[in-house]
Amino acid sequence: MENDSDMMASVPLVVLQGIKPLLNLSDIQRARLACKEWAGELAASVNSVKLPPHLWQLSNPKQQRELQRLVTTYWSFKHAILQAGSEQDVCPEAMQAAVSTLRTIAALRSISISNLGSTNSNSSSSSDAGSVSWAVALEGLSGLPDSVISLDLTNARLPGPEGLSLLLQLHHIQHLTLHSSSSGKLQQQHVAAIAGMQQLKSLKLCFRTVAGALAEPLTLDCLGELGKLTHLEIRYTGMQELATGVCFASEDLLPGCKQLVSLVLSRVPTPSLRGLFKLDQLKQVTLLQLAPLDDNQARSLGLCRQLQQLTLDNMPLELLPRLATLTALTALQLSLYSPPAAAAQGLPGGRNLLSLSALVNLQTLSLSGPVLVPAEQVQVFAAAWGRLRKLSLRVTLQGGSRGFAGFKVLEVLRVKPWCGGGSRPAGDAGLGEEEEGPLLSDALGVGGSGSRGSGTGLSSMGSALNKGSGLAVLGQCSQLEELSIVIGDRGLGPRAREAIAALPHLKMLKVCVAADAPAAAVRDLGGWLAGMRQLQWVGVGLEGPGAADALPGLLDRLTCSLPACQVHMLKGRIGAAA
């Protein structure tokens with residue numbers, strides 16, 4: 001008779017490959033003990049390892065033995081995460097031992113260090129806080145092989161002005177992420193050191209505080225000298241009032257970044273966008289500004305005819321025609337500037353909004369802001385955007401759902417009311433309301449053609465589905481897989497319940513019963529849901545008196561009636577569930 005080890009060794013790897021996606025970390029640890037073949041397969045599947053402080057930051061007599069055991073067990077990981085302990089300097093010997101061990105991993109490509117620069121309370125100078133740790137860490141990283149091309153410094157406390165100069169020794173790093181904590185100011189010398197890394201292909205720089213002010217801001221223009229950059233992302237995450245302490249001051253933005261493909265600027269003042277059109281490789285731009293775009297900025301963007309994806313915040317409605325020249329766009333996300341005059345009611349879109357119909361190659365569009373869109377304009381857009389597959393609107397729609405049937409290949413549709421300023425919140429008006437007023441529902445994936453039924457998800461107020469137009473929307477969604485409903489004071493009618501139960505492909509259903517729902521809505525809920533055998537996941541939330549007592553019994557009934565379905569209790573405010 002075969003012994004246990006022979007029996008386990010005979011289990012083919014195809015069995016492991018089938019169950020491996022279902023295993024969590026503790027399961028993987030146990031599965032490794034099954035046999036040598038499984039141990040090798042699982043070790044090869046580990047892409048990243050985390051080194052706690054005692055394995056690289058602190059002096060530890062057992063460090064070398066533990067490191068060796070780690071790399072012997074997992075010999076092909078690509079990413080190493082070095083987690084620094086707070087208020088501890090990096091020990092040079094410990095760092096050197098860790099780097100020497102990591103050098104033996106041929107597959108290693110990237111290093112992440114979190115919390116670098118935190119120093120003990122006995123530091124003699126707050127201005128040089130963390131400089132010792134930075135110097136030791138960066139000198140150590142310079143000993144890594146050239147195959148390590150990515151460095152991520154997360155929640156890093158920036159050192160003194162000269163502390164980042166050692167970055168220039170890391171000539172093999174092509175992808176750099178520097179996310180500073182709130183305790184270290186970004187200074188001009190820091191920016192200059194980063195700009196000296198001419199080999200960089202991608203740079204992500206996030207910071208909360210800067211050594212600059214409105215009168216003398218810290219400028220980022222030297223980053224325009226990084227000629228090999230393909231991706232650049234800069235985010236200011238500090239107080240809004242202090243955002244003027246940093247900016248791009250040059251008239252020509254990033255003139256030397258001729259290979260730039262993607263640009264993200266968040267809350268970084270950029271008065272001039274001139275020169276972007278000269279970057280022939282630039283395909284994606286995200287510009288999130290605190291102030292509304294001005295005409296010069298919009299005019300400069302309109303010259304970037306090479307763009308394929310564009311995201312803009314605080315875009316004035318009257319400047320939309322400037323974007324009509326960007327006919328190569330396949331994805332556009334716009335958040336319109338909301339002036340005080342738009343607080344009470346939406347502004348007519350008119351020809352300014354209709355100018356977007358020139359973007360005939362759009363496949364994805366997201367538009368939000370205080371704009372009034374009549375059904376006639378929706379019909380114009382449906383005719384112009386024949387390739388549109390994803391549409392997200394947070395605006396005021398005069399004609400309810402009229403006009404949306406013209407989108408013949410639409411796969412995802414999200415519609416919510418604009419609730420900015422003093423406008424009233426989403427309430428009891430429903431999907432497809434024919435009277436003048438906003439469309440107060442959220443439809444996810446309503447197919448453009450009823451016969452095609454291409455939608456995959458829908459979310460709505462229950463009152464909307466009681467109406468003929470709401471039921472018609474369900475009729476368009478023969479392929480619907482996900483549905484979320486909030487049942488309010490009007491309940492959910494029998495025709496709506498029948499239409500939902502008849503959806504053959506419905507897999508996930510979320511039902512929230514608000515406090516003002518009729519008692520019958522709660523009483524009938526269990527029987528209705530228990531008959532939907534096609535469900536794989538159902539979530540139920542109740543509000544109001546008696547909800548705490550009724551919910552456990554309802555969940556138990558569903559668990560017994562739908563044994564193959566996952567049953568969950570929804571938490572949080574009911575109104576946000578849909």
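Keep in mind that the numbers below use all heavy atoms, side chains included, and drop hydrogens, waters and symmetry copies.
- The backbone N or O of Gln281 lies less than 3.5 Å from no partner atom in the side chain of Gln306, so there is not a single donor-acceptor pair.
- You'll find the side chain of Leu388 stays beyond 4.5 Å of the side chain of Val409, heavy atoms only.
- For the pairing with Leu320, the side-chain contact (heavy atoms from CB on, under 4.5 Å) check across Leu312, Leu367, Leu334 returns one residue only, Leu334.
- Taking each heavy atom of Trp56 and Gln83 in turn, the nearest pair found is NE1-O, 3.2 Å.
- Formation of a donor-acceptor pair under 3.5 Å by the Gln64 side chain with backbone atoms of Pro61 is not found in this model.
- The line from CG of Leu153 to SG of Cys206 is 12.0 Å long, rounded to the nearest 0.5 Å.
- Taking the side chain as every heavy atom from C-beta outward, Val49 and Leu51 approach each other to under 4.5 Å.
- Within the 4.5 Å cutoff, the side chain of Gln566 has no heavy atoms near those of the Val538 side chain.
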Verify side chain to side chain contact (heavy atoms under 4.5 Å, CB included) between Leu144 and Leu170, making sure each step is shown before the conclusion.
-> CA-CA 9 Å; Leu144 290 171; Leu170 307 180; over 6 Å; no
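- Counting only heavy atoms from C-beta outward, the side chains of Ile149 and Lys201 never approach each other to under 4.5 Å.
- Side-chain contact between Leu362 and Leu329 is present, with heavy atoms from C-beta onward closer than 4.5 Å.
- The heavy-atom pair separating Cys257 from Leu229 by the smallest distance is SG-CD1, 4.4 Å.
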Take Asn361 and Thr330 through the side-chain hydrogen bond (donor to acceptor under 3.5 Å, both in side chains) test and state the conclusion after the steps.
-> CA-CA 5 Å; Asn361 289 307; Thr330 60; over 6 Å; no
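- Across all their heavy atoms, Leu220 and Val268 have their closest contact at CD1-CG1, 3.9 Å.
- Side-chain contact annotation: Gln289 with Gln297, donor-acceptor N/O pair under 3.5 Å present.
- Met197 approaches Leu226 most closely through the heavy-atom pair O-CD2, 3.3 Å.
- Put simply, the side chain of Ser250 gets close to the backbone of Asp252: a donor and an acceptor are under 3.5 Å apart.
- Taking both residues in full, the closest heavy atoms of Ala84 and Pro53 are given as C-CG, 4.0 Å, listed atom of the first, atom of the second, then distance.
- The side-chain heavy atoms of Leu319 and Tyr337, taken from C-beta on, include no pair separated by under 4.5 Å.
- Looking at Ser272, its side chain does come within 3.5 Å of a backbone N or O of Arg274 through a donor-acceptor pair.
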Stepwise, does the side chain to side chain contact (heavy atoms under 4.5 Å, CB included) test hold for Leu200 with Gln174?
-> CA-CA 4 Å; Leu200 284 182; Gln174 300 176 21; 5.6 Å; no
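- Distance alone, capped at 3.5 Å, places no donor-acceptor pair between the Asp146 side chain and the His172 backbone.
- Side-chain atoms of Ser142 do not come within 3.5 Å of backbone N or O of Gln169 as any donor-acceptor pair.
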Could you check Ile81 against Ile111 for side chain to side chain contact (heavy atoms under 4.5 Å, CB included), going step by step and ending with a plain yes or no?
-> CA-CA 6 Å; Ile81 304 171; Ile111 298 285; over 6 Å; no
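- Judged by distance alone, the side chains of His54 and Glu66 do bring a donor and an acceptor atom under 3.5 Å apart.
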Give the C-alpha distance, both sets of side-chain angles, the deciding distance and a yes or no for side-chain hydrogen bond (donor to acceptor under 3.5 Å, both in side chains) between Ser262 and His231.
-> CA-CA 5 Å; Ser262 173; His231 296 81; 5.0 Å; no
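- The 12-atom threshold is not exceeded at NZ of Lys185, counting heavy atoms of other residues, nucleotides or ligands nearer than 6.0 Å.
- Going from atom SG of Cys91 over to atom CG of Leu58 covers 8.0 Å, rounded to the nearest 0.5 Å.
- Remark: Gln309 CD to Gln363 CD distance equals 10.0 Å, nearest 0.5 Å.
- Atoms SG and CG, from Cys304 and Leu279 in turn, are 7.5 Å apart once rounded to the nearest 0.5 Å.
- At distances below 3.5 Å, not a single donor-acceptor pair connects side-chain atoms of Gln57 with backbone N or O atoms of Ala94.
- Here the OG1-CD distance, from Thr101 to Gln63, works out to 7.0 Å after rounding to the nearest 0.5 Å.
- A donor-acceptor contact shorter than 3.5 Å is absent between the side chain of Thr286 and the backbone of Val264.
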Going through the distances and angles, do Leu242 and Thr209 end up as a side chain to side chain contact (heavy atoms under 4.5 Å, CB included)?
-> CA-CA 8 Å; Leu242 302 179; Thr209 56; 6.0 Å; no
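- Ring geometry, His568 versus Trp537: the interplanar angle falls under 30°, so the pair is classed parallel (tilted spans 30 to 60°).
- The heavy-atom pair separating Pro217 from Cys247 by the smallest distance is CG-SG, 3.9 Å.
- Arg267 has its side chain within reach of Gln240: a pair of non-hydrogen atoms, C-beta onward, lies under 4.5 Å apart.
- For Asp152 and Thr154, the side-chain atoms include at least one donor-acceptor pair closer than 3.5 Å.
- From Thr230, atom OG1 reaches atom CG of Leu263 across 12.0 Å, with rounding to the nearest 0.5 Å.
- Looking only at side-chain heavy atoms (C-beta outward), Gln333 and Leu365 stay at 4.5 Å or farther from each other.
- Between the side chain of Thr325 and the backbone N or O of Gly302, at least one donor-acceptor pair lies under 3.5 Å.
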